[in-house]
There are 2 protein chains.
Amino acid sequence: MPKPGPGLRLLDVARHAGVSLATASRALAGREGVSQEVANRVRQVADDLGYVANPFARTLAGGASPTVGLIVHQIDDPYFSEIAGGVIQLADERRLLVQICHSGRDPGHELRQIRHLIAQRAGVIIIAGSGFGDPGVEAETRTVLAGYQRGGGRVAVIGRHALDADAVLPDNVAGGHALGSHLAELGHRRIAVAAGAAVLNTVADRLAGVAAALRRHGLSPDDVPVVHADFVREGGRLAADRILRDHPDTTAIIALNDAMAMGVLATLRERGIGVPSRMSVAGFDDVSVAADLAPSLTTVRLPMTDMGRTALELALKSAGSRPRRRPTGHRLIVRDSTGLVPSGARLAGEGVE
Amino acid sequence: MPKPGPGLRLLDVARHAGVSLATASRALAGREGVSQEVANRVRQVADDLGYVANPFARTLAGGASPTVGLIVHQIDDPYFSEIAGGVIQLADERRLLVQICHSGRDPGHELRQIRHLIAQRAGVIIIAGSGFGDPGVEAETRTVLAGYQRGGGRVAVIGRHALDADAVLPDNVAGGHALGSHLAELGHRRIAVAAGAAVLNTVADRLAGVAAALRRHGLSPDDVPVVHADFVREGGRLAADRILRDHPDTTAIIALNDAMAMGVLATLRERGIGVPSRMSVAGFDDVSVAADLAPSLTTVRLPMTDMGRTALELALKSAGSRPRRRPTGHRLIVRDSTGLVPSGARLAGEGVE
DNA sequence: CCCGCTTCCGGAAGCGCCTCCACGCCGGGC
DNA sequence: GCCCGGCGTGGAGGCGCTTCCGGAAGCGGG
C-alpha cells in the first residue's frame, strides 16, 4: 500500500504568511489568541496555496477527526443508498469524508464494523437500519458505543430507537396505520402482510401500526396472516407464494418495505394475478423506483435523503449529553397498485392453480 | 469534533512481549529481521490484548493508508450503488475502509474530490463513471492523478478509458451493437436514441455501437435521431418527449442507460402509448429493478458488483507500472419491453395528440 | 514613571508509529 | 585464535499537527 506523496505542510503556509507554526495552526482552527488581521492573512495564504491539513497528523495530535462512519445493511439497497446520499451530501458541504461499511443484516458483523470504525478513529458514527433484537450482541454494542461516546465520539442512528444516541425516527407505527386504514377503507377484509424478520424493530413497528388500523376497522389480528421472510425482494416473492398458498382468498398484501413489495409484484405478475384488479399491493418507504413499477406502487413515503442529512446534522452539533430524537414526516402515496376490493372477492384465489 | 479515547499503544504490546518498540513494529508488519520465535510471541500478545494499530500514527509515519476513496457520480443511482456494493464487499474482506464521495457529474467537483482524497492520504482511489470531456479539467485531473501515483497512490477507473490507470471496462460499443442489432432484427427501422451528454465517453461508446449495428442493417445514421439529455430518469422523460414530438413515426427507443429508459417508459405510460405494442424500449446496465419495471426492460447486463470488486482488486495488486485494462462481460437481456415492429408502424404517432 | 494585566505570538513537547542506523552476538574461514 | 560478515535487536529521529507555556509587547491606573 502506497504512501501518497508529500503535500503542502502547515509549516509552508506559516512561512509564506510570515508567522510561526503555532500561530498558523490557531488561525486555521479559528481559535482564540490570534489577531483578526493575522488570522485573515494566514487563511488567505492557505487558500491561495490550496492547503489541506493532513488529517492523520491532525488526529494524531489530538485534533478533530474529519471522517464519519456510516453503517448500512447493504449499500445497493435503494433505501440505504438514498440515506447514504443524504449523508454524503451534507458531509461534502462540511468537507467531511464518509466511510461506508455493510452490516449485512448481521448483528455480530455490525458490531465488528463499529469496532473497526472506532479503531480508525472516526469522529462520527451513523448507524442506519433496524436493530436485530439479539440481546447479547445488542448489549455489547451498547457498551462499545457508550465507551466511544465517553471518549468524545458522536453517534446517531436512523430508524432504530433502542440505542442510546441521537436518533432520526420515522413514525413507522403511524405509517403502518395509514397503510392499514387505506386498504380497509377500500373495502378489503382479507389482508395479508409480507413482513421482514420479526426481530427488526422497523418491522415490529410497522406491523403494529397495520394491526392497530385493521383492528379499528373491525378486523381481528387473527384474521390477518403475517408472513415473515427476508426484508428484501426475494423475501417478498417467498411471502407472496405462501400467502397465495395458505390464504387464497386474500385481496390485499401489505409489504412492510418496497423491496418486498417488488417481490410480491413479481410473483403476482408471473401468476397472472392482476394488480389491483384481483389483488391490491402496498409497500413502504417510497424508494425512487416505486413510481415506475408495474403497476406503480402505493406506499408510505419516507424522506430518506433528508433522514441521512439530519442524522449527520444531529451528530455534528450533538450539544447536550441527552440524546435527541428527531421524528421524520411520512406520507401515504396512493398510486395504482391498490384499488377497491374486487366485487367478486369471494372468487379470489381461483387463479391459483 | 471528538477525539476518540486512547487505545492500546504498540509500546504496550512491546513491553508485554518483552521486546522493543522497533521489534514489535517489525513483527506485526511481518517484515524481515525478526526471529520467528519473537515474531510469534509478539503477534500472540497483540492478539490477546486486542491491539489495533492507530491508522493515523501509522500513516503519518509513512506506512500504509488503509482507506480507499471511491468517487461516484451519485450514490443513490442504482448503477453506482451496485458498483459501490462490490467495492465495499472486497474492502470488507481486506479490512479496508471505503470513503465515498460524489462527483455530481461535474468535472470540476470531481477534481476537487480527488484532491481532497489525496490530501486525506487515501491509499487507493477508484473513479467510477464516465469522463466529462472537458479538456482543461481532464488534463489537470490527469496531472494530479499522475502525481498521486508517482507518490505510490493507486488509481483504478471504472468505465472510463481516457485516464492513465488500471481500468475496468465494459465493452460499451459491443453492448450498444447488441442492442441495435436486436431492434433491427425485430424489424424496427424507425429507431431513436435517448442519450446522455455527448461528452460522456460511456454515451459516446454505446452510441457508436448502436450506430454501427444499425448501419450494418442498412440504416444510415441520419435516419437515427439521437436526443441528448441528462443521463438520469428525468433526462429520459425529456428525450422521450422530444422524440415523440419530432419523430412521431418512431417505433423503438434505445435509452443508453436504464435510468433514462425508466424515464422513457414513464412518459410513454402517461401518454398511453403501449410498450412494446406500439413502441419498443431498451435500456443499458440492467440495474436490479429493470426486471420489475412495467414492462420489464430489455437491456444489456453489466456486472456492476463485479466491476466494483475487480477495480479494487486491480488497484490493490497493481504491480507493474503499466496500467492494465480489464474488460467485463455483458449480455443482452431480452425482456418484455421490446417486440416486433407493429405491423401498422406507418400509423405510429397517431396517439400523440 | 513603574507595575500588573491583557493580548498576541513563538518555542517546544509530544501524539503513535515506522525505519534508518548502530550495536552485540554468533559462526565460519584464514 | 582472531577477524570479518550476517542476523537479530534496540535507540532515536521524524512524519505534520495541536497545544501548553513562557515571553514580548501594549494598555491603563497608581
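Each chain gets a letter, A, B and so on, in the order its sequence line appears, and its residues count up from 1.
Using a 4.0 Å heavy-atom distance criterion, A/A53 is classed as a sugar-phosphate-only contact. Across all strands, B/S35 comes closer than 4.0 Å only to sugar-phosphate atoms, never to a base (heavy-atom distances).
In this view, B/E93 and B/R309 satisfy the salt bridge (charged side-chain N to carboxylate O under 4.0 Å, His left out) rule, not counting sequence neighbours. Evaluation of the side chain to side chain contact (heavy atoms under 4.5 Å, CB included) rule for B/L49 yields B/L8, B/V13, B/H16, B/V45 as partners, not counting sequence neighbours. Residues meeting the side chain to side chain contact (heavy atoms under 4.5 Å, CB included) test with B/A53, sequence neighbours left out: B/Y51, B/R58. Looking at residues two or more places apart in sequence or on another chain, you find a side chain to side chain contact (heavy atoms under 4.5 Å, CB included) between B/A91 and B/L96, B/V98, B/L312. Taking the salt bridge (charged side-chain N to carboxylate O under 4.0 Å, His left out) definition, one finds that B/E110 meets it with B/R160, sequence neighbours left out. Residues satisfying the salt bridge (charged side-chain N to carboxylate O under 4.0 Å, His left out) test with A/R31, not counting sequence neighbours, are none. For A/E37, there are no salt bridge (charged side-chain N to carboxylate O under 4.0 Å, His left out) partners two or more places apart in sequence or in a different chain.
Sorted by first and then second residue, the pairs that involve residues 131-141 of chain B and meet salt bridge (charged side-chain N to carboxylate O under 4.0 Å, His left out), not counting sequence neighbours, are B/R115-B/E140. For the ring-ring contact (aromatic ring centres under 6.0 Å, His included) condition, no pair includes a residue of residues 101-120 of chain A, sequence neighbours left out.
Taking only side-chain nitrogens and oxygens, A/Y51 never comes nearer than 4.0 Å to OP1 or OP2 of D/dG16. In this model, the phosphate group of C/dC17 is not approached by any side-chain N or O of B/S25 to a distance below 4.0 Å at OP1 or OP2. In this model, the phosphate group of C/dT19 is approached by a side-chain N or O of B/R31 to a distance below 4.0 Å at OP1 or OP2.
Between the P atom of D/dC17 and the CZ atom of A/F56 lies a distance of 13 Å, rounded to the nearest Å. Taking atom CD on B/E32 and atom P on C/dC18, their separation rounds to 17 Å, with Å as the unit. Regarding A/L28, its CG atom lies at a distance of 12 Å from the C1' atom of D/dT18, rounded to whole Å. To the nearest angstrom, C1' of C/dG16 lies 12 Å from CG of B/L8.
Among the nucleotides C/dC17, D/dT9, D/dT18, the one closest to any side-chain atom of B/R58 is C/dC17.
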Atom pairs, N/O to N/O, protein against nucleotides 10-14 of chain C, distance under 3.5 Å?
residue : atom : partner : partner atom : Å
C/dG10  : OP2  : A/S20   : N            : 2.8
C/dG10  : OP2  : A/S20   : OG           : 3.1
C/dG10  : OP2  : A/T23   : OG1          : 2.6
C/dG10  : N7   : A/R26   : NH2          : 3.0
C/dG10  : O6   : A/R26   : NH1          : 3.0
C/dG10  : O6   : A/R26   : NH2          : 3.3

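If you check the side chains of B/N40 and B/Q44, you find no donor sitting under 3.5 Å from an acceptor. Remark: the A/D164 side chain and the A/Q149 side chain contain no N/O donor-acceptor pair separated by less than 3.5 Å.
Within a heavy-atom distance below 4.0 Å of DNA chain D, the residues of residues 36-46 of chain B found are B/V38.
Computed from C1' positions of five pairs at each end, the angle between the two local axes of the helix from C/dC1-D/dG30 to C/dC30-D/dG1 equals 60°, rounded to 10 degrees.
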